[in-house]
Amino acid sequence: MSITRRHWMAGTAAMASAQTAAGKFVAVSSSNGLRACTKAMEMMRAGTDTLDAVIAGVNINEEDPEDDSVGYGGLPNEEGVVELDACVMHGPTRRAGSVASLRNIKTPSKIAKLVMEQTDHIMMVGEGALRFAKAYGFKEENLLTEKSRLAWLMWKRSLRDAGGHNNWTDGLDAPAGKPSAALRGMFPGIGEELLAYAWDRAQHPPTGTINCLGLNAKGEISGVTTTSGLAWKIPGRVGDSPIIGAGLYVDPDVGGAGSTGRGEENIRVAGAHTIVENMRHGMTPKDACLDALKRISRNYGDDLTRLSQFDINFYALRKDGAFAGASLWSGVYRRDQFRPRQFTCNDGGKSRLENCAFLYERKRP
Ligand code: GLY
């Protein structure tokens, strides 16, 4: 389709309005980003650079052992080793940095920023990224918590071959009376709540992650995405979070976008870049996100049965302060309870959760 003058004018007008800095401070994040948005807003209001502010925000999650989708306490790969991915984009200087499959460092977002600032590269992975972090004084630490180790062990022990066997449960030669393969017997001494958590994680490997986008009153915008990736992944698996244009994209002339959820789907549509380009051509942040979700749906021929097996969420913040969050599905049913997909925002006052726009309504199973 050729671009008519009318289309071009519409896109240009929308871009011009997006270019008008509205004098607002805004932070947008995934549903686990209440503390991150609050921190980022405090720092931006105090004059801190937008990228430093959003990184400080997500550092709270990276260092929190209770957030099992990010940094320390993140759920590990199939060998029980935590591998982290992160990237940053700094709008004012149009620079980016990224790390993937980084082990033993709690705050991969800080290393991504170091890659951006202190190297002539954009992306570093694995052993090289770890050595780089250590060269800058970061200490190696064990990122596996007792809780995430238990969830991983539960997953290992729940696997079965065609004969119902698993080498990680008691052997064929075990004396009668030893703990059975039943869940309770596998983990004696573990409280019900922790057991339910570990079982839920073993059965529904999460693709958590935190994305945070920050805009200051000068119209400067930056973003960060950081994750421990898909739980129980094959070692070396890299998701969308450290991929510039997928897990995060910022264009200071337009705005920024980020993602959480199943990274494999996002990489195939370059989601964050797609959303920023959609906004550049005049779409609202909400429509821009929904369009990226439609592209994901299209990759499955809009087959709802296959699409129902995963979820993915997008967040967009336009340069004029307009923002949105949108998900493939309206929410999720867990233990018969419907939980809507939500995102965090702060455009003044307290950080709050809002329901995401969505492409498809999740039906009760
Ligand atoms: N979106 C996080 C991941 O898939 O690794």
Side-chain angles (χ1 to χ4, degrees), residues 28-33 36 54 58 61-62 67-79 81-89 98-103 105 107-109 111-112 123-126 129 143 148 151-152 155 201 204-213 223-249 256-275 289 292-293 295-296 299-300 307 309-316 325-329 332 341-344 356:
V28 172
S29 183
S30 33
S31 61
N32 52 351
V54 292
V58 301
N61 294 63
E62 288 178 326
D67 188 329
D68 66 11
S69 69
V70 181
Y72 176 52
L75 294 171
N77 66 21
E78 65 180 17
E79 292 174 356
V81 179
V82 182
E83 289 182 334
L84 305 177
D85 302 332
C87 77
V88 299
M89 289 193 85
S98 163
V99 288
S101 294
L102 177 65
R103 298 181 175 193
I105 303 287
T107 51
S109 62
I111 313 305
M123 187 167 195
M124 295 182 71
V125 305
L143 304 185
S148 56
W152 168 73
W155 170 75
R201 290 313 201 221
H204 307 282
T207 42
T209 308
I210 183 165
N211 163 248
C212 191
L213 303 162
V224 57
T225 302
T226 176
T227 189
S228 51
L230 176 66
W232 334 134
K233 62 193 171 187
I234 298 173
R237 177 266 188 188
V238 172
D240 59 323
S241 301
I243 309 293
I244 304 293
L248 176 71
Y249 196 71
S259 182
T260 61
R262 188 174 141 81
E264 280 72 6
E265 308 311 330
N266 185 18
I267 291 171
R268 290 201 283 163
V269 299
H273 185 263
T274 293
I275 290 165
C289 291
L293 292 165
R295 295 178 193 215
I296 289 172
N299 282 343
Y300 285 85
L307 288 165
Q309 293 170 43
F310 64 86
D311 210 347
I312 179 154
N313 321 294
F314 289 119
Y315 318 96
S327 301
L328 185 61
W329 292 96
V332 62
R341 287 285 177 211
Q342 296 187 307
F343 72 105
T344 313
C356 289

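Whatever order the structure lists them in is the order used to number ligands and atoms, beginning at 1.
Closest approach of S30 to T260, counting heavy atoms only: CB-CG2, 3.7 Å. Between R341 and W329, the shortest heavy-atom contact is CG-O, 3.4 Å.
Close contacts between ligand 1 and D240 involve ligand atoms 1 (N), 2 (C), 3 (C), 4 (O) [criterion: under 4.0 Å to a heavy atom]. Which parts of ligand 1 touch G261 is read off a 4.0 Å heavy-atom cut-off, strictly below it: atoms 1 (N), 2 (C), 3 (C), 4 (O). Using a 4.0 Å cut-off to heavy atoms of T209, the atoms of ligand 1 that qualify are 1 (N), 2 (C). Interface atoms of ligand 1 facing S241, defined by a heavy-atom separation under 4.0 Å, are 1 (N), 2 (C). Using a 4.0 Å cut-off to heavy atoms of G239, the atoms of ligand 1 that qualify are 5 (O).
Relative ring orientation between Y315 and F343 is described as tilted, the plane-to-plane angle lying within the 30° to 60° band.
Compare R237, E83, R262 by their heavy atoms: the one nearest to atom 5 (O) of ligand 1 is in R237.
Within the 4.5 Å cutoff, no side-chain heavy atoms of D68 are placed close to those of S148. Between L248 and L213 the shortest side-chain heavy-atom distance falls below 4.5 Å.
Distances shorter than 4.0 angstrom do not occur between any heavy atom of K233 and any atom of ligand 1.
The only member of N61, D67, V224, V54 that meets side chain to side chain contact (heavy atoms under 4.5 Å, CB included) when paired with I210 is N61.
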